[in-house]
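Each ligand, and each atom within it, is numbered from 1 in the order the structure gives.
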Amino acid sequence: MKWFLDLAGFSRPQIDDLLRLSQQLDLYPEPNALSGKVLTLLMLRSSFHTRASMGAAMGRLGGTVINIAPSGSGWEIETSAEVMDGPTVHHALELIPSMGAYSDALGIRSPGSFENLAADLNEQEFTRLCKASPVPMINMESAINHPCQGLAAWKSMNDADIPERGGRLVLAWTYEQQQHPFGTAAAALHMAALRGMRVTILRPDEYALPQPLLAKAQRAASQAGGCVIETADKATAFDTAHVVCAESWVAPGCYADLDKERTIREKYRDWCIDERWFKPAVEDCRLIHSLPVRRGQGVAGDVLNGPRSLVTVTARNRMLVQMAVLYRMLKK
Ligand code: CP
């Protein structure tokens, strides 16, 4: 495997292989499998779980991780300018090949511009960075994707016996004061579509996902025997749901105007998932969130820490599925 950029780039047997291998590496550790191998992470947006889970994954296989996280260090990284006459010191197009010279693989987090929706829907920045890499690449979250997160959620659903075809998943937008890109939501949506689930996207009207993301998921769902619909109706969306993926994303109509977006967002402060939301769902409906989550703002604390929650399970599964990806990418 040379690239791990988008679950859509993998066949169902390849995904099943990664899920099976992640389970195998959990049960039967191989602490020397990647001895001598180096992974460098270039994180152009803040991260906690991705850095930690990748460090743990590489460490448990005997490899080494280098973390490049410029935020706040004074050594900000330029990704687009052709003439560097601002405060940035490094350009990604020089940094990526040089980091590649030290590494057997690179993981890059590049959340996009938050200015130009069309460019971000085309993964313009991320694609440019990938092309600069001389070694295999892992997507650590881009403007519209987060395949490691999607695969971890898939494993959590398998572990919890949540059905594929016929299983009902709600991708629920929640209020958070932060404005998040589409990556985690789009990855959860596409994962459920590939799984052949019946997916309902619950969101206020202004938060309808961009059409290309929806159309891509609808195509995948129909090929796998599922479907994707959208609604703004909180009262009915959870009907017979087996699992809820709670996420927050920015309103596409205000992508280039985050101040305006903030005023729209404030109307939906009551979109915090608490136990009452689950009344129409199946009794043991589960909750997944990619983290970080604003406790009491996006999801109520008793739900996050209650029996429905697969939040910590999924955080651990991030490590396990990344071990499988790294193993297939780097083990000779
Ligand atoms: N889920 C996830 O990617 O978390 P971080 O933003 O903390 O890395």
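For the ring-ring contact (aromatic ring centres under 6.0 Å, His included) condition, no pair includes a residue of residues 118-149, sequence neighbours left out.
The hydrophobic cluster containing Leu258 also contains Tyr175, counting ILVMFWY residues as joined when their side-chain heavy atoms lie under 4.5 angstrom apart, directly or transitively. Each of Met197 and Ile229 belongs to its own hydrophobic cluster when Ile, Leu, Val, Met, Phe, Trp and Tyr are linked at side-chain heavy-atom distances under 4.5 angstrom.
With a 4.0 Å cut-off on non-hydrogen atoms, Thr50 touches ligand 1 through its backbone as well as its side chain. Under 4.0 Å from ligand 1, the heavy atoms of Arg318 that appear belong solely to its side chain.
Under the side-chain hydrogen bond (donor to acceptor under 3.5 Å, both in side chains) test applied with Thr314, the options Ser290, Ser309, Ser156 reduce to a single match, Ser156.
Per-residue contacts place His146 under 4.0 angstrom from the following atoms of ligand 1 (heavy atoms of the residue considered): 2 (C), 3 (O). Distances below 4.0 Å separate heavy atoms of Gln149 from the following atoms of ligand 1: 1 (N), 2 (C).
For Gln23 (side chain) and Arg20 (main-chain N/O), no donor-acceptor pair under 3.5 Å exists by modelled atom type.
Between the side chains of Tyr255 and Asn116, no donor-acceptor pair is found at a separation under 3.5 Å.
At a 3.5 angstrom cut-off on N or O pairs, Phe48 counts as close to ligand 1. When only interatomic distances are considered, the shortest N/O to N/O separation between Glu141 and ligand 1 does not fall below 3.5 Å.
Looking only at heavy atoms of the protein, atom 6 (O) of ligand 1 is closest to Arg109 NH1, 3.0 Å. Atom 4 (O) of ligand 1 has its closest protein heavy atom at Leu291 O, 3.2 Å.
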